[in-house]
Amino acid sequence: MSDKTTLVLTSGATDLDRAADLLRAGQVVAFPTETVYGLGADARNGEAVAAVYAAKGRPSFNPLIAHVADLEQAQALVEWSDEAERLACAFWPGPLTMVLPLKPGHEVSGLVTAGLDTLAVRVPAHPVAQGLLQRVGGPVAAPSANPSGRISPTTAAHVLSGLDGRIAAVVEAGSSAVGLESTIVGLSGDPVLLRPGGVPREEIERVLGREVPSPEEVSKITAPGQMLSHYAPRARVVLNHQRAEPGGVMLGFGDVDGDLNLSPAGSLTEAASNLFEYLHRLDAMARPIAVAPIPDAGLGAAINDRLQRAAADRDQA
Ligand code: TXA
Ligand code: MG
């Protein structure tokens, strides 16, 4: 479906003006954030949002995150609360997404929320994302800029490898520093951890002064679209291995070395930032991927969540 030429834009002011113009005109534009590259569309324009789902080949029941430039823009969209305020003060701009009740009179397309009465909002820290969102002046819906079910992109090259010819433009600005998606906290009732991510759960619990369980832990599912194999590479993935399988490749961590090592020093921050890049590289070798054990604390919980999805049976995609 390569029916258009995808513009590759720089992060200079003129190109950001152009990217913002494209977004306001209802086009789909990929842009860098500190977590992963996002596939942006004007969140108030249903046709533009539909084009995001189409480019990704994503099932339409999976709601999207609305990205805004600042706190004030977020407060215009959702019902604010004391706990939202505390988390925003501590972690915005940054890799935290909050799910809050939609405000009456909001102009967000129902395609963004997939018909829910809550909205996921995030203020990204990346200066290029900031520059773009300030120019657009309204919410930009943006899932990760990869075809549905594939590895999330942390460079413009990753975006193009999956979506070239399917989107209007990509803004290129190096590698995403965090390297995995934002943490999603549901705040429409007691706080729940809807997705582990760039801000460790422990830090959120410290700021709120209480436990933030996952939906599984409160034994009801409130994270629609958390399909198990969402992050699946094409190659088979097995976890907690000490060495590669015969004919396979190895993704190491710490002392457990491999063809690539997420962090020879055993740093979870470094491992997170390398995760998707290394999965992309090993996936290109089209051989089974064995992954070393990763400690489950802090960012390790988010890394293991992504790895478990990568290892899940493809039939569930
Ligand atoms: O780091 C990130 O969050 C990246 C960058 C681009 O900002 N974006 C991202 O978006 O990961 P996406 O669409 O790949 O993931 C959004 C997740 C989905 O798993 C979806 O189920 C959840 O957010 N979500 C969105 N709206 C929700 C809502 N109203 N209630 C519960 N979950 C929601
Ligand atoms: Mg994604």
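Both ligands and their constituent atoms are indexed starting at 1 by order of listing. What you see below is based on every heavy atom in this structure, not just the backbone, and it leaves out hydrogens, waters and symmetry mates.
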How are the rings of His280 and His158 set to each other: parallel, tilted or perpendicular (split at 30° and 60°)?
parallel
So, Arg201 and Ser214: side-chain donor and acceptor under 3.5 Å apart, yes or no?
no
So, Ser152 and Glu181: side-chain donor and acceptor under 3.5 Å apart, yes or no?
yes
Looking at [X], which atoms of ligand 1 are within less than 4.0 Å of one of its heavy atoms?
X	value
Ile65	3 (O), 8 (N), 9 (C), 10 (O), 16 (C)
Ser182	1 (O), 2 (C), 3 (O)
Leu116	28 (C), 29 (N), 30 (N)
Thr118	28 (C), 29 (N), 30 (N)
Leu194	31 (C)
Thr35	1 (O), 2 (C), 4 (C), 5 (C), 7 (O)

Could you tell me whether ligand 1 has any atom less than 4.0 Å away from a heavy atom of Ile184?
yes
Would you call Ser144 a ligand 1 contact, heavy-atom distance under 4.0 Å?
yes
My understanding is that only residues two or more places apart in sequence, or in another chain, count here; which of them pass side chain to side chain contact (heavy atoms under 4.5 Å, CB included) with Leu16?
Val128, Arg135, Val171
State the CG-CG distance between Leu7 and Leu22, to the nearest 0.5 angstrom.
6.5 Å
salt_bridge(Asp190, Arg210) N-O dist < 4.0 Å
yes
Return a yes/no value for His67: is any of its N or O atoms, backbone included, closer than 3.5 angstrom to an N or O of ligand 1?
yes
Nearest to atom 8 (N) of ligand 1 by heavy atom, Ala142, Pro95, Gly38, Gly198: which?
Ala142
Best match, Pro143, Gly186, Gly40, Ser152: closest heavy atom to atom 10 (O) of ligand 1:
Pro143
Given side chains that start at C-beta, do those of Leu239 and Ile294 come closer than 4.5 Å, heavy atoms only?
no
Set out, in order, the CA-CA distance, both residues' side-chain angles and the distance that settles side-chain contact (heavy atoms from CB on, under 4.5 Å) for Val178 and Thr33, then state yes or no.
CA-CA 9 Å; Val178 178; Thr33 84; over 6 Å; no
